[in-house]
Amino acid sequence: MSWLEPVDGSATTAVKVARMKAGRWQPPVTVLRRSDLFVNWADFPSVVEAADGSLVVHWLQKNGKGTYAYDVKVARSTDGGRTWGSGIKLHDDVTETEHGFASLLPHASGATVSAVWLDGREMSGHGHGDEGEGSMTLRYATTDARRGIQSGALLDERTCECCTTDMAMTSAGPIVVYRDRSSDEVRDIAVVRKTASGWTKPRVIHADGWKIAGCPVNGPQVDAKGRQVVVAWFTAPEDKGRVNIAFSDNAGESFSSPIRLDDGAAVGRNDVLLLDDGSALVSWIEGVGNAAAVVVRRVAPDGKKSAIQIVASSSAARGAGFPRLARAGDEIFAAWTDVASEKRVRFARIEVPAM
């Protein structure tokens, strides 16, 4: 697990990680602490394990005086997270613009990971989407977190400015999901795939038709196994929020019609795991009475759904962040930010709901 934590008595913030071993969390380790980290409720560090057992973590670090002038940095640990190498920049430009919402994906062998991120190098001024200042782009690269970028590609020339991205590996290659942005401000979920002939052109998974003149800060998530793919996302055409899911059995070449999962008060900020039987487990924040909760629901490709299961009470406020799901062996876990008093990261094992 990775997170950001203010350092008491100082103006610095720490990037921290912790590992679970034999069912118990080990003491947290500080990857680094700095006064120039870019700290944001929606754009947070991540950590993945490469195929060779090394760990790679990413974070955001200021590169100029502008509010949205920051880089994506990555670092590697070869001793299980106890010590970390120096951070290197994930991208090859030197613009003082926004770079963030990165997603990391380990390769099948070695220390290399793939990464996708939102890249504002084409945006002049303060770099956060003022009209006439250029567009946010989606870019891809591979790295071992020691020698910089090994390969790179521009995947989309115009995207939503600050929604999470995600990436998964199918048997046909990697698949990337993100919130697109059309010329008339429709911001639906798009997908690009890497095939034997290269990257495909961006394609909208479903024409929700959500037209909004600003970023909703609520991106999609994807999981895959073999040729099976599942994508979950938040959308709100006509100002009616909902959490949708769509399945693919051809490595993301096409998707089923969306299945709605929420109970009518969706805040979004979802995550998704593809289960061994082909069903999926989806988490999100749902309004419950006058409050909100972190919830999960299981759904099959034919539309069969479990009841919604409440994981923990939460909030619709920004400080509640983005709950996340993870799998280890036969166990599934959830992590979320508890804002009931002082902010804390909470963690629980999840029982998969019966359908």
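Only a predicted model underlies this, so the values are computations on that prediction, with no experimental measurement involved.
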[Y] backbone acceptor or donor facing [X] side chain under 3.5 Å:
{"X": "T137", "Y": "R158", "answer": "no"}
{"X": "R179", "Y": "N218", "answer": "yes"}
{"X": "Q309", "Y": "R297", "answer": "no"}
{"X": "T170", "Y": "P174", "answer": "no"}
{"X": "N40", "Y": "F44", "answer": "no"}
{"X": "S103", "Y": "T165", "answer": "yes"}
{"X": "Q26", "Y": "M20", "answer": "no"}
{"X": "D188", "Y": "V204", "answer": "no"}
{"X": "K89", "Y": "D93", "answer": "yes"}
{"X": "K62", "Y": "T67", "answer": "yes"}

Looking only at the side chains, is there a donor atom on one of [X] and [Y] sitting less than 3.5 Å from an acceptor on the other?
{"X": "W233", "Y": "D208", "answer": "yes"}
{"X": "S151", "Y": "T142", "answer": "yes"}
{"X": "S54", "Y": "R76", "answer": "yes"}
{"X": "S306", "Y": "R298", "answer": "no"}
{"X": "N63", "Y": "H99", "answer": "no"}
{"X": "H58", "Y": "S46", "answer": "yes"}

> Are E49 and R19 close enough, and set up right, to give a salt bridge (Lys or Arg N to Asp or Glu O under 4.0 Å), and what steps lead you there?
Replying inline: CA-CA 11 Å; E49 184 178 34; R19 295 198 74 169; 3.7 Å; yes
>> salt bridge (Lys or Arg N to Asp or Glu O under 4.0 Å), that's the test. Do E185 and K211 meet it? Break it down for me.
In response: CA-CA 5 Å; E185 301 295 5; K211 189 171 184 177; over 6 Å; no
> Would W41 and F322 count as a close aromatic pair, with their ring centres under 6.0 Å?
Replying inline: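 Under 6.0 Å, so yes.
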> Quick one: are the ring centres of W210 and F234 less than 6.0 Å apart?
Replying inline: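 Yes - the distance between ring centres of W210 and F234 falls below the 6.0 Å cut-off.
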Using every non-hydrogen atom in the two residues, find where [X] and [Y] come nearest and quote the distance to one decimal.
{"X": "P220", "Y": "D166", "value": "O-CB, 3.8 Å"}
{"X": "I310", "Y": "A293", "value": "CG2-CB, 3.9 Å"}
{"X": "G87", "Y": "A75", "value": "CA-CB, 4.1 Å"}
{"X": "G241", "Y": "R260", "value": "O-NH2, 3.4 Å"}
{"X": "A145", "Y": "V56", "value": "CB-CG1, 4.0 Å"}
{"X": "I285", "Y": "G321", "value": "CD1-O, 3.8 Å"}

What I want to find out is whether [X] reaches [Y] closely enough, with some N-O distance under 4.0 Å, to be called a salt bridge.
{"X": "E122", "Y": "R139", "result": "yes"}
{"X": "K73", "Y": "D71", "result": "no"}
{"X": "R344", "Y": "D338", "result": "no"}
{"X": "D302", "Y": "K304", "result": "no"}
{"X": "D262", "Y": "K240", "result": "no"}

Please examine the side chains of [Y] and [X], heavy atoms only from C-beta on, and report whether any two atoms are closer than 4.5 Å.
{"X": "Y70", "Y": "E98", "answer": "yes"}
{"X": "E161", "Y": "R187", "answer": "yes"}
{"X": "D156", "Y": "D180", "answer": "yes"}
{"X": "S256", "Y": "P301", "answer": "no"}
{"X": "V48", "Y": "L105", "answer": "no"}
{"X": "N244", "Y": "T235", "answer": "yes"}
{"X": "C160", "Y": "P216", "answer": "yes"}
{"X": "W84", "Y": "L32", "answer": "no"}

>> Run the ring-ring contact (aromatic ring centres under 6.0 Å, His included) test on W199 and Y140 for me, step by step, so that the C-alpha distance in whole Å, both residues' side-chain angles and the decisive distance to 0.1 Å come before the verdict.
In response: CA-CA 10 Å; W199 286 99; Y140 167 90; 4.8 Å; yes
> When rounded to the nearest 0.5 angstrom, what is the spacing between OG in S171 and CG in N250?
Replying inline: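 Here the interatomic distance stands at 10.0 Å.
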>> Using side chain to side chain contact (heavy atoms under 4.5 Å, CB included), reason through Q221 and T164 one step at a time and then give a plain yes or no.
In response: CA-CA 8 Å; Q221 294 289 289; T164 50; 4.0 Å; yes
> V7 and T13: side chain to side chain contact (heavy atoms under 4.5 Å, CB included), yes or no, with the steps?
Replying inline: CA-CA 5 Å; V7 178; T13 301; 5.9 Å; no
>> As a quick check of understanding, evaluate salt bridge (Lys or Arg N to Asp or Glu O under 4.0 Å) for R327 and D223, giving each step before the final call.
In response: CA-CA 11 Å; R327 177 173 41 213; D223 198 14; 3.4 Å; yes
Please set out all donor-acceptor pairs under 3.5 angstrom arising from side-chain atoms of residues 347-355, sequence neighbours excluded.
unit_1	atom_1	unit_2	atom_2	d
R349	NE	E331	OE2	3.2

> Relative to the ring of F38, is the ring of Y68 parallel (under 30°), tilted (30 to 60°) or perpendicular (over 60°)?
Replying inline: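 Tilted: the ring planes of Y68 and F38 meet at 30° to 60°.
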Does [atom1] belonging to [X] count more than 12 external heavy atoms closer than 6.0 Å?
{"X": "E157", "atom1": "CD", "answer": "no"}
{"X": "D239", "atom1": "CG", "answer": "no"}
{"X": "D330", "atom1": "CG", "answer": "no"}

> How far apart are the C-alpha atoms of R33 and S10, what are their side-chain angles, what is the distance that settles it, and do they pass the side chain to side chain contact (heavy atoms under 4.5 Å, CB included) test?
Replying inline: CA-CA 10 Å; R33 49 181 289 183; S10 75; 3.8 Å; yes
